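Here is the structure we will look at, set down as structure tokens.
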Amino acid sequence: MRYWLMKTEPNEFSIDDLANRPNQSEPWDGVRNYQARNFMRDDMQIGDQVLFYHSRIDPSVVGMATVSKTSHPDFTAWDKTNKHFDPRSTPEKPLWFMVEVTFQSKFPEPIPLKEIKEIPGLEKMMLIKKGCRLSIQPVTKEEFEIIVAIGDESTPK
DNA sequence: GCCAACGTTGGC
DNA sequence: GCCAACGTTGGC
């Protein structure tokens, strides 16, 4: 089993949106970066654990999800009306791929990026490397467990 | 909203 | 294959 961090802008798609979906599941469409695509296409397996990250607006890890469906073509790429339309991708020869993720839990309190930068053991996380914009990142088991332990022990206000 | 850092594109 | 120009990401 592998561990990942997936970024989304909460005004586009938040952890609450995921929790409110039918089956609490959603295809992770719209990724148009080759490295991120390759992680989804080649490496992500059902049951992999995901840290759900909100970027730009209160940047923070806000909960957990799991991979519930492995790589399949991202059909939004061949929809002309879609924001992420890419004419190079066709149903016959898809260029972009996505996995499906399923809601697992929302932390009582988000763990802000600012805090993550100061937690011992997380120094090597890709997330806190300057200028790293990758929207899907591998995370080690140790990093995952440190973050989840903090997330789970945070208490509601 | 700004802008630095990055990835991609395309002319040569 | 280089690299300037461009578009995007994402913290602040």
Side-chain angles (χ1 to χ4, degrees), chain A residues 2-21 26-44 48-67 71-101 103-140 142-151 154 157:
Chain A
R2 298 189 61 175
Y3 302 88
W4 307 93
L5 179 143
M6 296 171 89
K7 294 182 188 173
T8 170
E9 298 197 22
N11 55 337
E12 301 282 334
F13 187 78
S14 72
I15 191 151
D16 293 321
D17 292 328
L18 181 63
N20 291 325
R21 281 288 190 273
E26 181 78 357
W28 205 261
D29 63 86
V31 171
R32 298 292 179 267
N33 170 282
Y34 288 103
Q35 229 184 321
R37 177 204 68 180
N38 293 348
F39 283 137
M40 289 200 287
R41 189 190 59 187
D42 305 333
D43 298 321
M44 293 178 89
D48 280 5
Q49 301 280 99
V50 175
L51 295 172
F52 200 102
Y53 181 80
H54 283 176
S55 62
R56 280 184 60 86
I57 299 158
D58 300 323
S60 49
V61 177
V62 291
M64 293 162 63
T66 54
V67 176
S71 167
H72 48 294
D74 182 344
F75 50 78
T76 65
W78 56 70
D79 172 5
K80 277 200 179 67
T81 65
N82 192 280
K83 184 179 164 188
H84 301 289
F85 172 66
D86 184 345
R88 296 172 301 169
S89 186
T90 64
E92 294 72 33
K93 220 174 170 223
L95 177 61
W96 301 111
F97 293 83
M98 59 192 180
V99 297
E100 182 191 78
V101 298
F103 176 81
Q104 190 165 347
S105 68
K106 181 183 175 181
F107 297 149
E109 296 286 342
I111 308 172
L113 177 62
K114 216 170 107 188
E115 198 177 313
I116 291 171
K117 287 178 174 168
E118 289 165 4
I119 297 168
L122 302 183
E123 298 88 353
K124 288 184 180 163
M125 276 188 85
M126 205 180 277
L127 181 68
I128 63 178
K129 294 273 158 64
K130 189 181 172 190
C132 185
R133 306 185 320 189
L134 198 57
S135 66
I136 297 178
Q137 307 177 354
V139 167
T140 68
E142 291 73 23
E143 291 161 349
F144 183 87
E145 283 170 354
I146 289 171
I147 290 186
V148 168
I150 294 165
S154 59
K157 328 181 201 9

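Values below: all heavy atoms of this structure, side chains included; hydrogens, waters and symmetry mates excluded. Here is the naming used below: chain letters follow the sequence lines, and residue numbers restart at 1 for every chain. A quick note: this is a predicted structure, and the numbers were derived from the prediction, not measured.
- The salt bridge (Lys or Arg N to Asp or Glu O under 4.0 Å) check on A:Arg37 picks up nothing, with sequence neighbours excluded.
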Tabulate below the donor-acceptor pairs under 3.5 Å that side-chain atoms of residues 9-16 of chain A make, not counting sequence neighbours, or state none.
unit_1	atom_1	unit_2	atom_2	d
A:Ser14	OG	A:Asp16	N	3.2
A:Ser14	OG	A:Asp17	N	3.2
A:Ser14	OG	A:Asp17	OD2	3.3
A:Asp16	OD1	A:Lys106	NZ	3.0
A:Asp16	OD2	A:Lys106	NZ	3.4

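- Listed in residue order, the members of residues 113-138 of chain A having a heavy atom less than 4.0 Å from DNA chain B are A:Lys130, A:Gly131, A:Arg133.
- For A:Asp86, the salt bridge (Lys or Arg N to Asp or Glu O under 4.0 Å) partners two or more places apart in sequence, or in a different chain, are A:Arg88.
- The salt bridge (Lys or Arg N to Asp or Glu O under 4.0 Å) search around A:Asp79 returns none, not counting sequence neighbours.
- Of the candidates A:Leu122, A:Ile111, A:Ile116, A:Val139, A:Ile146 forms a side chain to side chain contact (heavy atoms under 4.5 Å, CB included) with just one, namely A:Leu122.
- Counting non-hydrogen atoms under 4.0 angstrom, A:Arg37 reaches nothing in the nucleic acid.
- Reading DNA chain B from its 5' end, the first and the last nucleotide to sit under 4.0 Å from a heavy atom of chain A are B:dG1 to B:dT9.
- Remark: A:Thr140 pairs with A:Glu143 by the side-chain hydrogen bond (donor to acceptor under 3.5 Å, both in side chains) rule, at least two apart or across chains.
- The side-chain hydrogen bond (donor to acceptor under 3.5 Å, both in side chains) test applied to A:Arg21 returns A:Glu26, not counting sequence neighbours.
- Under the salt bridge (Lys or Arg N to Asp or Glu O under 4.0 Å) criterion, A:Arg2 pairs with A:Asp43, not counting sequence neighbours.
- Comparing A:Arg56 and A:Asn33, the nucleotide of DNA chain B nearest to each residue sits closer to the 5' end for A:Arg56.
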